[in-house]
Amino acid sequence: MIETLQTLLFILLNGLVSGGVLFLIAAGLTLIFGVCRVVNFAHGSLAMLGAFTTYALVQVVPYPVAILGAVALVALLGAGVERVIIRPLYAAPDLLQLLATFGLVLSLQDVALAVWGPEDLIGPRWPGLSGSVTLLGRRYPLYNLFLIGMAALVALGLHGLMTRSRFGILIRAATLDAPMLGALGVREDLLRTGVFALGAGLAALGGGLLLPRDTATLTMDLTLVVDAFVVVVVGGLGSIGGAFRAALLIGLVQSAALVIWPKSSLVLPFLIMALTLWLRPQGLGGKPPPPPGPPPLADRAPPLRPWPPALKTGLVGLVVVLAAAPFWLVLLPGDWRAYGLLLLTESLSLGLFALSLHWLIGMGGLLTFGQAAFFGLGAYGVALSLPPLRMGMPEEAALLVALLAGAGIGGLGGLMVGALATRLSGVSLAMVSLAVAQGIWSLAIQAKGLTGGDDGILGLSPKGFFADRGHFYLLTLALTLAVALWVRRQSFAPGGAFLRAMRDHPGRAAAAGLSLTGLKLRAFLLAGAIAGLAGGLTVLTRGTAFPQLAALGQSVDGLVMLVLGGQFSLLGAFGGAALFHTLHSELIRATPYWRAILGAALLALIGARLVWARREAR
C-alpha cells in the first residue's frame with residue numbers, strides 16, 4: 001500500500017514539475033499568438049538563449065539575479081525581433097510566418113554556437129535548493145518542488161496581469177478584436193512589441209529555471225518549441241487558462257506513462273494534440289475560428305496556364321541532358337561522377353518531396369507542417385519491406401515492389417492526416433500535421449526492435465542491376481518524370497480545378513456543391529503517396545534509414561524548397577529542391593555556421609516575396 005501511494009505521489013509531483021516548466025514556456029507563446037497572430041517558431045530559441053545567458057551570468061552574480069538578467073536581456077531581444085522581423089509578417093500568409101521564424105531559429109542557433117561553443121553546458125546547483133526532502137519514506141529533489149511553486153506563482157501573476165491591469169485588459173481585447181482596438185486609438189504596434197517582449201521574457205525564465213536541472217544545449221530550442229506548441233494547441237491558441245490546463249494534463253500523462261509504459265512517453269503528447277484538434281479544433285480554452293475566407297494577397301495564386309511551346313522544348317532538352325548525366329559526368333575531373341550522380345539523385349527525390357507540398361499547399365491551400373510524416377513512412381516502408389522481398393524475388397523486382405509499398409504506406413498516412421484535416425484549416429491544420437509527424441518520429445526512435453531506433457536500418461543500398469549509381473539514377477529520373485507529368489495532367493483535370501476552387505475560396509466552393517471533405521482526403525492521399533515514394537528513393541540512395549527522415553527538420557526543408565521555387569509552380573518545386581540541396585550540401589562543407597547563412601537567406605527571400613506582393617497589389 002505504501003509503495004502504491006509513493007508511486008502515485010511521485011507521478012503527481014513529476015507531472016506537476018513537467019507541466020509547470022511547459023507552462024512557463026508555452027504561456028509566452030500563447031500570448032504572442034493571441035495578440036500578434038503569429039506562430040513564433042523561434043520561441044524555443046528564446047528559451048535556449050535564456051538558459052545560455054543564465055549560465056553566463058551565474059558565473060558572476062547569484063542565481064536569482066542571473067535569471068532576472070537573462071529575462072531582461074531576452075525580453076529586449078524579443079522586442080527588437082518583433083520590430084525588425086515579425087512586424088512585416090502580420091499580413092503575410094501563415095506559411096511565410098512559419099518559415100521566417102524558422103529562419104530566425106537557424107540564425108540564433110549559430111549565434112549561440114559562436115558565443116558558447118558546441119559543448120553542452122551544465123549549470124551549478126541553486127544554493128539552498130540542491131538537497132532533497134523525504135516524502136512517504138522516499139527522497140525527492142527540493143528544486144523540483146521549487147519549480148512547481150514558481151510555475152504556480154507565474155500562473156497567478158499572469159492571471160492578475162490579465163484581469164487587473166490595463167495592459168492585461170488591452171491584451172484580452174486585442175485577442176478578441178484587434179482592429180476595433182486600433183479604431184479606439186490604442187497603439188497596436190506598441191502593444192504587440194510589449195506582448196512579444198513579455199512572451200520572450202517568459203521563455204527565458206523557463207530556460208533559465210531549467211538550467212540547474214538539465215543541461216543547456218544547442219538543440220534544446222526545437223524540443224522546447226515543439227512541446228510548447230503541443231500545450232498551446234491543446235489549450236487553445238491565445239488562451240492562458242487553456243495553456244495552464246493543457247500543460248498540467250500533458251505533464252501528468254507523461255509522468256504516468258514513464259512509470260506504466262515508458263516507450264509511449266514521447267508519443268502521447270502528440271496523440272493528445274491530434275485527438276484534441278479532432279474533437280475540439282479550438283482547443284480546451286480557445287474560441288472557434290472564423291469561417292475560412294480567401295487567401296491573403298501574398299498567397300494568391302496566378303492562373304494555371306499550359307506551358308508555351310518554347311518551354312516544352314527547353315524541358316525536353318533538359319530531360320535529355322539529365323538522362324545523359326551518367327555519361328558526361330565521367331568527363332569532369334576527379335571523382336565528379338559519383339558525387340554528381342549522388343547530388344542529382346537526391347535532388348530528384350527531394351524534388352518529388354517538394355512536389356507533394358506543391359499539390360497540398362500550392363494547389364489545395366492546405367497548410368501542412370508535418371510532411372515529413374509521409375516521407376518517413378515511405379522511407380521505413382521501403383526499409384522494412386525490402387529485406388524480406390529480396391529473399392523471394394529478383395533484386396530488381398524487389399526494389400520496385402518496395403518502392404510501391406513505400407508510396408502506398410505514405411498514401412495511407414496521408415489519408416490519416418486527411419481524415420483529421422476535414423474539420424481544420426490554416427494554423428490548426430499545420431499543427432495537427434506536425435503532431436502526426438512528431439508522433440511517427442517518436443515511434444521511430446523508441447521502436448528499436450522494428451526501426452533500429454537511433455542506430456537506424458543499414459544495408460539498404462540497391463543490388464544487382466541498380467547497384468550501379470548510374471542505373472539507379474536513371475530509374476529515379478524515370479519515376480520522377482512519370483509522377484511529375486501525371487501531377488501536371490491532374491492539375492488540369494476536373495479534380496485539380498475543384499482543388500483550386502477550395503484553395504481560392506472554401507466557402508464558395510462548398511456552396512457550389514463541392515465536397516471539401518472528399519477533396520481534402522484525395523489531396524492528402526496523393527501528396528502522401530508522392531512523399532512516400534520520395535522517402536523510399538532517398539533511403540535507397542543513402543542505403544540507410546534513420547528517424548531524422550520523419551523529423552521536423554525534414555518538413556521545414558521541404559517548405560523551404562517550395563518557397564524557393566514558388567509554391568504554385570510544379571517546375572519550381574524541382575528547381576527549389578535542386579537549389580536548396582546543392583546550397584545546403586556545399587554550405588555544410590564550407591562553414592560550421594551554415595545555419596546562420598541559410599537562415600539569413602531564408603529571411604531575405606521571404607522579405608523579397610512580400611515586397612513583390614505589395615508591388616503587385618498597387
Worksheet item: Within the side chain of Glu396, is there an N or O that forms a donor-acceptor pair under 3.5 Å with the backbone of Phe466?
Response: no
Worksheet, complete the sentence: So CD1 of Ile530 and CH2 of Trp486: to nearest 0.5 Å the spacing works out to 7.0 Å
Worksheet item: How far apart are the C-alpha atoms of His358 and Gln567, what are their side-chain angles, what is the distance that settles it, and do they pass the side-chain contact (heavy atoms from CB on, under 4.5 Å) test?
Response: CA-CA 6 Å; His358 160 73; Gln567 68 191 69; 5.9 Å; no
Item to complete: State whether the side chain of Arg469 and the backbone N or O of Tyr339 hold a donor-acceptor pair below 3.5 Å, judged by distance alone.
Response: no
Worksheet item: Taking C-beta and beyond as the side chain, do Asp454 and Phe546 meet within less than 4.5 Å on heavy atoms?
Response: no
Worksheet item: Measuring from Leu450:CG to Leu443:CG, what's the distance to the nearest 0.5 Å?
Response: 9.5 Å
Fill in: Flag, side chain of Gln554 to backbone of Ala372, donor-acceptor distance under 3.5 Å
no
Item to complete: Find out whether Ile457 and Tyr380 are in side-chain contact, i.e. whether some heavy atom of one side chain is under 4.5 Å from a heavy atom of the other.
Response: yes
Practice prompt. Look at the side chain of Thr101 and the backbone N and O of Leu98, then say whether any donor-acceptor pair between them is shorter than 3.5 Å.
Written response: yes
Worksheet item: With side chains defined as the heavy atoms from C-beta onward, is the minimum distance between Phe33 and Val39 less than 4.5 Å?
Response: yes
Worksheet item: Does Gln97 use its side chain to pair, donor to acceptor, with the backbone of Leu89 at less than 3.5 Å?
Response: yes
Item to complete: Please test Val563 against Leu95 for side-chain contact (heavy atoms from CB on, under 4.5 Å), starting from the C-alpha separation and ending with a verdict.
Response: CA-CA 9 Å; Val563 171; Leu95 172 62; 4.1 Å; yes
Worksheet item: Going through the distances and angles, do Met561 and Leu357 end up as a side-chain contact (heavy atoms from CB on, under 4.5 Å)?
Response: CA-CA 9 Å; Met561 298 171 203; Leu357 284 163; over 6 Å; no
Worksheet item: Any idea which heavy atoms bring Gly411 and Leu525 closest together, and the distance?
Response: O-CD1, 3.4 Å
Worksheet item: Which pair of heavy atoms, one from Leu540 and one from Pro462, lies closest together, and at what distance?
Response: O-CD, 3.2 Å
Response to the item:
Shortest non-hydrogen pair, Gly543 vs Ser461, comes out as CA-OG, 3.4 Å
Practice prompt. Verify, without hydrogens or angle tests, whether His581 (side chain) and Ser347 (backbone) share a donor-acceptor contact under 3.5 angstrom.
Written response: no
Item to complete: Might you point out which heavy atoms bring Ser555 and Gln371 nearest each other, and give the distance in Å?
Response: OG-N, 3.3 Å
Practice prompt. Over all heavy atoms of both residues, which pair between Thr345 and Thr476 is shortest? Give the atoms and the distance, please.
Written response: CG2-OG1, 3.7 Å
Worksheet item: Is the closest side-chain heavy-atom distance between Leu400 and Leu475 below 4.5 Å?
Response: yes
Discussion item. Using modelled atom types and a 3.5 Å cut-off, is there a donor and acceptor pairing between side-chain atoms of Ser433 and backbone atoms of Phe369?
Written reply: yes
Worksheet item: Hey, does Val556 have a side-chain heavy atom less than 4.5 Å from the side chain of Val105?
Response: no
Discussion item. Checking Leu403 against Leu479 for the side-chain contact (heavy atoms from CB on, under 4.5 Å) test, could you report, in this order, the C-alpha distance in whole Å, the side-chain angles of both residues, the deciding distance, and whether it holds?
Written reply: CA-CA 10 Å; Leu403 285 173; Leu479 291 174; 3.9 Å; yes
Worksheet item: Looking at CH2 of Trp307 and NZ of Lys312, how far apart are the two atoms once the value is rounded to the nearest 0.5 Å?
Response: 8.5 Å
Worksheet item: Is the Trp594 ring parallel, tilted or perpendicular to the His584 ring (thresholds 30°, 60°)?
Response: perpendicular
Worksheet entry | Contact check, side chains of Leu559 and Ile361, non-hydrogen atoms, under 4.5 Å | yes
Worksheet item: Can you tell me how far OG1 of Thr480 sits from CG of Leu344, rounded to the nearest 0.5 angstrom?
Response: 11.0 Å
Fill in: Reported CG-to-CZ distance for the pair Leu412 and Phe524, which is rounded to 0.5 angstrom
15.0 Å
Item to complete: Using atom types as modelled and distance alone, determine if a side-chain donor or acceptor of Thr591 lies under 3.5 Å from a backbone N or O of Leu587.
Response: no
Worksheet entry | Trp328 side chain vs Val321 backbone, donor-acceptor pair below 3.5 Å | yes
Practice prompt. Report the distance from atom CG of Leu341 to atom CZ of Phe472, rounding to the nearest 0.5 Å.
Written response: 11.5 Å
Worksheet, complete the sentence: All heavy atoms of Val539 vs all of Leu549, minimum pair found to be CG2-CD1, 3.7 Å
Discussion item. So does Gly362 get a backbone contact from the side chain of Arg503, meaning a donor-acceptor N/O pair under 3.5 Å?
Written reply: yes
Worksheet item: Does some side-chain heavy atom of Phe229 sit less than 4.5 Å from a side-chain heavy atom of Phe41?
Response: yes
Fill in: Side-chain heavy atoms of Met502 within contact of Leu366, under 4.5 Å
yes
